[in-house]
Amino acid sequence: MDIQRSDVRSAATSREARPLLAAGFLVAGLVLIGRSLGDQAAAQTFVIIFVAIVVEALPFILLGALVSALLEVYVPDRAFERVARLPLGLQIPGAALGGFAFPVCECGSVPVARRLIAKGLHPAAGLAFMLASPILNPIVLLSTWLAYSGRGLGLEMVVGRALLGMILAIVAGWALGSEGAADLLKPRSDEGDTSHDHRSEQPSERRRSFVDHLSGDFVFMGKFIVLGAALAAAMQTLIPQSLVSGVARTPIVGSLALMAIAVVLSLCSEADAFVAVSFVQFPLGSQLAFLVFGPVVDAKLAFLYGATFRRRFVLRLVIVAVPVVLAGSLWFEAVIG
Amino acid sequence: MTRRTLRVGVLVLWASFFTYLWLSDAATRFIGPRTAWVVPFGAIVLVLTTVAQVFTKPQGDEQSAGGTEVLGMILLVTPMIALSAVPDAGLGSLAASRKTAGGGIAALTSILPPDDPNHEISFADIHWASESEEYAIAAGIAEGLEMRLEGFVSGSQEGAGRFTLTRFYIACCAADAVPYSVTIEPPEGLGEPGGYPEDTWLAVSGQLERSGAEYVLVPDSIEAIEAPKDPFLY
């Protein structure tokens with residue numbers, strides 16, 4: 001048994017090592033280039049965007065790790081078992097609606113969803129929660145209302161975003177979460193440090209377990225956010241946005257273009273509405289596509305998902321999310337635009 | 001070196017960095033006021049987590065950190081290394097050329113200036129006023145309006161003495177910065193004869209005039225200034 005576990009951990013470590021090695025060389029290369037260029041504009045642009053994304057995202061990772069550690073150490077397993085016994089038809093929308101009560105953006109919801117699934121929540125419900133919470137949480141909806149109220153469209157955009165976000169979370173959760181937790185979640189090489197028995201009633205034991213889980217999740221998720229931020233910053237530095245926005249006058253092309261821009265920009269969902277509202281050259285439905293797709297798929301999240309889930313999760317999520325968001329944005333354009 | 005030691009080292013570095021950002025004005029280089037709360041939050045929680053991690057006893061035998069873990073931790077502190085390597089990092093004319101300013105033909109009639117009596121007319125207002133007469137009227141923008149703009153020179157110069165002055169507006173962080181530019185048309189004899197190098201920060205005072213549909217600023221004074229500590233508008 002121990003040998004098997006050790007083999008699994010070793011295999012996981014090896015799988016993690018490859019992208020991390022590549023990433024390490026990539027980032028080191030970029031830094032060296034920046035150093036040699038010194039005052040060159042590209043290096044300055046890359047570094048400021050790179051650091052800004054990380055500085056903004058890491059506290060949300062921390063918040064997610066905090067909630068995740070609380071769930072792991074202080075919420076009894078029987079609470080999750082009770083929820084897991086509910087019919088799936090209730091679990092998935094219920095979990096998606098749980099996003100209303102969790103005020104963090106997309107970076108924070110990933111560690112929490114992972115923990116919920118590991119603790120017994122159905123994977124489809126865990127994914128629905130993960131995808132819904134960055135869109136449905138109250139801070140995001142409030143910022144959407146504030147951004148669009150200047151154009152007299154606050155309520156329409158809030159309702160459109162919440163509805164389409166909810167539909168996307170339920171559909172994607174159902175489509176991608178049909179397999180078991182073991183098939184969905186990647187094993188983590190560092191879990192040996194934090195998987196000790198936290199069910200001890202000793203308060204000091206629980207405190208130690210809580211701190212270990214919190215710091216373990218932070219450093220594990222944090223490195224993938226750094227990687228994603230480097231990719232987003234590199235794309236922003238190298239690719240002119242006009243390449244995409246110049247061809248984006250019709251609702252279908254506009255929605256696809258703004259989804260692509262959302263992936264490149266990798267914005268926090270709590271502030272992305274202030275950016276979306278400035279894309280007035282795009283139809284309103286396309287702006288909604290930006291607001292719903294961005295919190296679910298972007299460059300920084302791709303690495304976080306890749307580290308958390310198995311089997312080309314990002315690709316499968318894109319295949320599900322693009323048509324759902326596109327259809328929703330066209331419907332919104334037809335009704336409101 | 002154990003995994004725990006490595007983890008504590010990374011936590012110390014990030015806690016120090018967030019505390020530095022919180023206690024200095026440096027955070028304004030990266031983050032806007034809407035999300036400024038993440039910096040003190042990050043500093044406090046990271047410091048507490050670091051202290052708690054240092055003072056909790058390790059459980060049993062500690063595992064040594066392998067190459068992957070070391071690499072992962074180096075990766076995690078790369079932003080700080082990058083910032084040390086390029087300490088004058090910032091957005092300038094290159095970023096302005098890569099990013100798209102708001103603009104276009106759709107929905108312009110529904111764009112209105114902020115409903116704030118203290119709102120100061122700046123780059124974005126002049127941009128929108130050039131696009132929409134309704135916006136210009138609502139914002140009180142008209143020919144002859146006296147104003148002063150501070151920004152950096154961007155874009156190629158289109159004619160003798162004519163150049164664009166730009167500022168970035170951010171909602172949340174430097175990643176979402178949107179550039180807005182105003183064309184400056186100095187009268188003969190004012191300004192640098194050979195033009196201003198890109199990314200030079202200038203304070204320009206003068207009157208708004210129309211050049212076709214576009215509002216341009218015709219200056220009566222141009223002075224070179226230091227880049228402000230907070231380079232963004234909101």
Side-chain angles (χ1 to χ4, degrees), chain A residues 13 16-17 20-21 23-24 27 31 34-35 39 41-45 47-56 58-59 62 66 150-152 189-190 192-193 196 207-208 211 214-215 219 222-223 226-227 232 236-237 240-242 245 265-268 270-271 274-275 278-281 283-284, chain B residues 3-4 7 10-11 14 21 29-31 34-35 38-39 41-42 45-46 49 52-53 56-57 59 63 66 68 71-76 78-79 81-83 85-86 88-95 97-100 102-108 110-112 114 171-176 178:
Chain A
T13 304
E16 264 177 31
L20 278 175
L21 266 172
V27 176
V31 171
R35 182 79 187 166
D39 59 352
Q44 292 172 330
T45 303
V47 170
I48 202 77
I49 295 173
F50 174 43
V51 177
I53 294 175
V54 174
V55 166
E56 196 200 11
L58 276 186
L62 205 53
L66 203 65
R151 292 173 62 178
S189 59
D190 67 334
D193 280 1
H196 48 260
R207 273 198 300 275
R208 191 192 63 208
V211 171
L214 169 58
S215 58
V219 297
K223 59 197 177 207
V226 167
L227 218 45
Q236 284 207 33
T237 305
Q241 280 179 25
S242 55
S245 61
L265 291 181
S266 298
L267 303 180
C268 166
E270 299 195 354
F274 296 100
V275 178
S278 75
F279 290 132
V280 293
Q281 66 269 52
L284 206 58
Chain B
R3 284 178 168 181
R4 181 187 155 85
R7 188 184 293 178
V10 168
L11 285 170
W14 273 111
L21 289 179
R29 285 176 69 194
F30 310 102
I31 297 281
R34 284 192 185 100
T35 45
V38 301
V39 174
F41 170 81
V45 178
L46 279 166
T49 307
Q53 185 79 77
T56 51
K57 283 184 188 166
Q59 190 197 34
Q63 292 179 333
T68 308
L71 197 56
M73 296 300 172
I74 292 172
L75 187 63
L76 193 49
T78 308
I81 300 171
L83 203 55
V86 189
D88 54 351
L91 297 181
S93 54
L94 176 90
S97 73
R98 295 285 187 267
K99 289 168 172 278
T100 309
I105 51 170
L108 283 178
S110 56
I111 288 275
L112 290 172
C172 160
C173 73
D176 64 47
V178 178

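Lettering follows sequence order; numbering is per chain, from 1. For the numbers below, each heavy atom of this structure counts, side chains included, while hydrogens, waters and symmetry mates do not. Here the structure is a predicted model, which is why all the values come from computation and not from measurement.
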**Prompt:** Can you name the nearest heavy-atom pair linking Leu94(B) to Ala41(A), along with the distance?
**Reply:** CB-CB, 3.8 Å
**Asked** Given a strict heavy-atom distance threshold of 4.5 Å, which part of Leu46(B) is in contact with chain A: side chain, backbone, both, or neither?
**Response** both
**Request:** Kindly give the heavy-atom pair with the smallest separation between Ile31(B) and Glu56(A), and that separation in Å.
**Result:** CD1-CB, 3.7 Å
**Request:** Find the distance between CD1 (Ile48(A)) and CZ (Arg29(B)) and round it off to the nearest 0.5 Å.
**Result:** 4.5 Å
**Asked** Under a 4.5 Å cut-off applied to non-hydrogen side-chain atoms, are Leu91(B) and Ile49(A) in contact?
**Response** yes
**Between Gly92(B), Gly90(B), Ala174(B), the one whose heavy-atom pairs under 4.5 Å with chain A are most numerous** = Gly90(B)
**Complete:** Between Leu83(B) and the options Val54(A), Val47(A), Val55(A), the side-chain contact (heavy atoms from CB on, under 4.5 Å) test singles out Val47(A)
**Minimum heavy-atom distance between Val51(A) and Phe30(B), given as atom pair plus value** = CG1-CE2, 3.6 Å
**Inter-residue atom distance Leu76(B).CG - Leu58(A).CG, 0.5 Å rounding** = 6.5 Å
**Message:** Before you tell me yes or no, could you show the steps for Asp88(B) and Gln44(A) under side chain to side chain contact (heavy atoms under 4.5 Å, CB included), namely the whole-Å CA-CA distance, both residues' side-chain angles and the distance that decides it to 0.1 Å?
**Reply:** CA-CA 7 Å; Asp88(B) 54 351; Gln44(A) 292 172 330; 3.1 Å; yes
**Item:** Minimal non-hydrogen separation, Gly42(B) against Leu62(A), with atom names
**Value:** O-CD2, 4.1 Å
**Prompt:** What option among Leu66(A), Thr45(A), Ile53(A) has the most heavy-atom pairs under 4.5 Å with chain B?
**Reply:** Thr45(A)
**Fill in**
Ranking Val10(B), Thr56(B), Ile74(B) by heavy-atom pairs under 4.5 Å to chain A gives rank one to Thr56(B)
